[in-house]
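Fair warning: this is a prediction, and the values are worked out from it, not measured in the lab.
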Amino acid sequence: MSSALTDLFTHPIVQAPMAGGPAGPRLAAAVSEAGGLGFLAAGYKTADGMYQEIKQVRGLTGRPFGVNVFVPQAEHAESGAVGLYAQQLAGETAWYDAELGDPECGRDDGYDVKLAALLDDPVPVVSFHFGVPAREVVDSLHRVGTLVAVTATTVEEAQAVRAAGADAVIAQGVEAGGHQGTHRDIPESEGAAHGVLSLVALVREAVTLPVVAAGGIMRGGQIAAVLAAGASAAQLGTAFLAADESGAHALHKRALTDPLFPHTELTRAFSGRPARGLVNRFLREHGPYAPAAYPEVHRLTAPLRKAAAEAGDPQGMALWAGQGHRMAREMPAGRLVEVLVTELDAARAGLAARPAAGGGPR
């Protein structure tokens, strides 16, 4: 099994590329500087916006970092379902005094233009979410010296990642905050998702690629657990969401540990694709009616989410968070990496000090 990816960073800690603002240049650079692997999120940005952020990271650190890209969706939602959901949201437009967005705007998220920019000015790692890039895309990135990682939520998806020639698979458990990186959005398969420990073990037995474990990981002891299960590194998103360098909205950061938001759920309410977020009013009222229609629903609700944030109303925002959100810690990202490494070392030492099963005095 190749160690090319993990050779890029000192500690087995990868910062998740949280799209929509949290994972910007300051956060990515801080994590990389501390010995982890920081990531920029190219999702929802223009190719030029992505390029400008890459330049900013390079100005902040000389260490390796990655860029995450969304794979375009093959399925097209039924316009009737999106139209019905728009009617469902009529009360929200009145409440926030905001118009709905254009659901047909930017279906491919500028995929080809972003790839062209990443081939013209390569970065150390590119990861993909929502699907597997074509083999020729992976090969072209390899030719310019870029390593490729792809999210998978099942063994079958992990096998597709291997077949595409990627260097690593990001095994995303159902505990993860934000969007599930399923390669196809099939409503009938909801409820069959694996937890991260089970998924890591299953994927390790099915493919020979290095595995990066993702989903609900907030402490160094959990990193030790996924490494023991066979992962080469752990990817943390919600843990870095509250970091000083995170670009998340202040209301979002506070909500992570606010008793008003005690748990999370998977929902299509904000984007049309299953994503885990803190349960708020918008999720409760609209989640049951949201169609499987990404990115149409994402575009449709964007002005509402923006208006809610501007109004200081977390009940109308997409408060993406993993199941471990109550364990979020506010501190600089570099300090958080240090704390996680200390916890990881302590967990490993504790495991090493335990007598083997069946041994010791009786």
Side-chain angles (χ1 to χ4, degrees), residues 1-17 36-37 39 66 68 71 125-133 135 138 142 147-184 189 191-237 239 276 322-324 340-341 343-345 347-352 354 356-357:
M1 186 182 302
S2 172
S3 62
L5 178 66
T6 52
D7 285 346
L8 294 178
F9 45 102
T10 306
H11 307 303
I13 297 171
V14 178
Q15 166 245 313
L37 182 65
F39 257 94
N68 178 257
V71 176
V125 185
V126 170
S127 68
F128 292 88
H129 207 60
F130 295 149
V132 183
R135 180 66 187 243
V138 176
H142 283 163
L147 298 175
V148 176
V150 184
T151 301
T153 63
T154 66
V155 168
E156 292 75 19
E157 290 178 352
Q159 290 170 331
V161 172
R162 178 190 59 192
D167 301 285
V169 57
I170 301 167
Q172 185 193 37
V174 71
E175 307 96 331
H179 286 95
Q180 289 285 294
T182 49
H183 297 180
R184 293 187 61 205
S189 66
H194 295 287
V196 64
L197 284 174
S198 296
L199 183 61
V200 167
L202 288 166
V203 170
R204 281 288 287 112
E205 291 196 1
V207 302
T208 55
L209 295 176
V211 176
V212 177
I217 302 170
M218 303 292 289
R219 296 286 189 265
Q222 293 170 289
I223 298 174
V226 296
L227 295 180
S232 298
Q235 178 172 283
L236 290 73
R276 184 171 297 282
Q323 287 183 343
L340 289 166
V341 171
E343 293 171 346
L344 169 60
D345 290 343
R348 283 172 158 170
L351 288 172
R354 292 180 183 177

**Asked** So, do Val148 and His142 sit near enough that their side-chain heavy atoms are less than 4.5 Å apart?
**Response** yes
**Prompt:** To the nearest 0.5 Å, how far apart are CD in Gln180 and CZ in Arg276?
**Reply:** 7.0 Å
**Ser198 side chain to Gly195 backbone, donor-acceptor under 3.5 Å** = no
**Donor-acceptor contact below 3.5 Å, side chain Gln235 vs main chain Ala214** = no
**Complete:** For Ile170 and Ser127, the nearest pair of non-hydrogen atoms, with its separation, is CD1-CB, 4.1 Å
**Request:** Could you grab the distance from atom CG of Asp167 to atom OG of Ser2, nearest 0.5 Å is fine?
**Result:** 6.5 Å
**Message:** Side chains of Leu344 and Leu227, heavy atoms from C-beta outward: is any pair under 4.5 Å?
**Reply:** yes
**Request:** Take Thr182 and Phe130 through the side chain to side chain contact (heavy atoms under 4.5 Å, CB included) test and state the conclusion after the steps.
**Result:** CA-CA 5 Å; Thr182 49; Phe130 295 149; 5.8 Å; no
**Message:** Closer than 3.5 angstrom, by distance alone: can the side chain of Thr154 be matched with the main-chain N or O of Glu157 as a donor-acceptor pair?
**Reply:** yes
**Asked** Do you know which two heavy atoms are closest between Val200 and Ala229, and how far apart they sit?
**Response** CG1-O, 3.7 Å
**Message:** Within the 4.5 Å heavy-atom criterion, are Val125 and Phe39 side-chain neighbours or not?
**Reply:** yes
**Least distance between heavy atoms, Phe9 atom then Gly36 atom** = CB-O, 3.5 Å
**Request:** Answer yes or no: is there a donor N or O on one side and an acceptor on the other, between the side chain of Asn68 and the main chain of Pro17, under 3.5 Å?
**Result:** no
**Asked** If only atom types and distance count, is the side chain of His194 paired as donor or acceptor with the main-chain N or O of Ala171 below 3.5 Å?
**Response** no
**Asked** How long is the gap from CG on Leu340 to CZ on Arg219, to the nearest 0.5 Å?
**Response** 8.0 Å
**Request:** Heavy atoms only: give me the nearest Ala164-Val132 pair and the separation to one decimal.
**Result:** CB-CG1, 3.3 Å
**Complete:** The reported gap from NE2 in His179 to CD in Gln172 (rounded to nearest 0.5 angstrom) is 10.5 Å
**Message:** Could you tell me if the side chain of Ile223 sits less than 4.5 Å from the side chain of Ile217, heavy atoms only?
**Reply:** yes
**Asked** Can you check whether Val196 reaches Gln222 side chain to side chain, under 4.5 Å on heavy atoms?
**Response** no
**Prompt:** Heavy-atom distance under 4.5 Å between the side chains of Val161 and Val207, does that happen here?
**Reply:** no
**Asked** Is there side-chain contact between Val71 and His129, with at least one heavy-atom pair below 4.5 Å?
**Response** no
**Asked** Between atom CD of Glu343 and atom CE of Met218, what is the distance when rounded to the nearest 0.5 Å?
**Response** 10.5 Å
**Asked** Do Leu5 and Ser232 have side chains that get closer than 4.5 Å, going by heavy atoms?
**Response** no
**Request:** Measure across Ala206 and Gln159 and return the closest heavy-atom pair with its distance rounded to 0.1 Å.
**Result:** CB-NE2, 4.2 Å
**Message:** When you measure from the side chain of Arg135 to the backbone of Ala163, do you find a donor-acceptor pair of N or O atoms at a distance under 3.5 Å?
**Reply:** yes
**Asked** Which is it for Leu197 and Val226 under the side chain to side chain contact (heavy atoms under 4.5 Å, CB included) test, yes or no, and what are the steps along the way?
**Response** CA-CA 6 Å; Leu197 284 174; Val226 296; 4.0 Å; yes
**Item:** Ala347 versus Ala224, closest heavy-atom pair with distance
**Value:** CB-CB, 3.7 Å
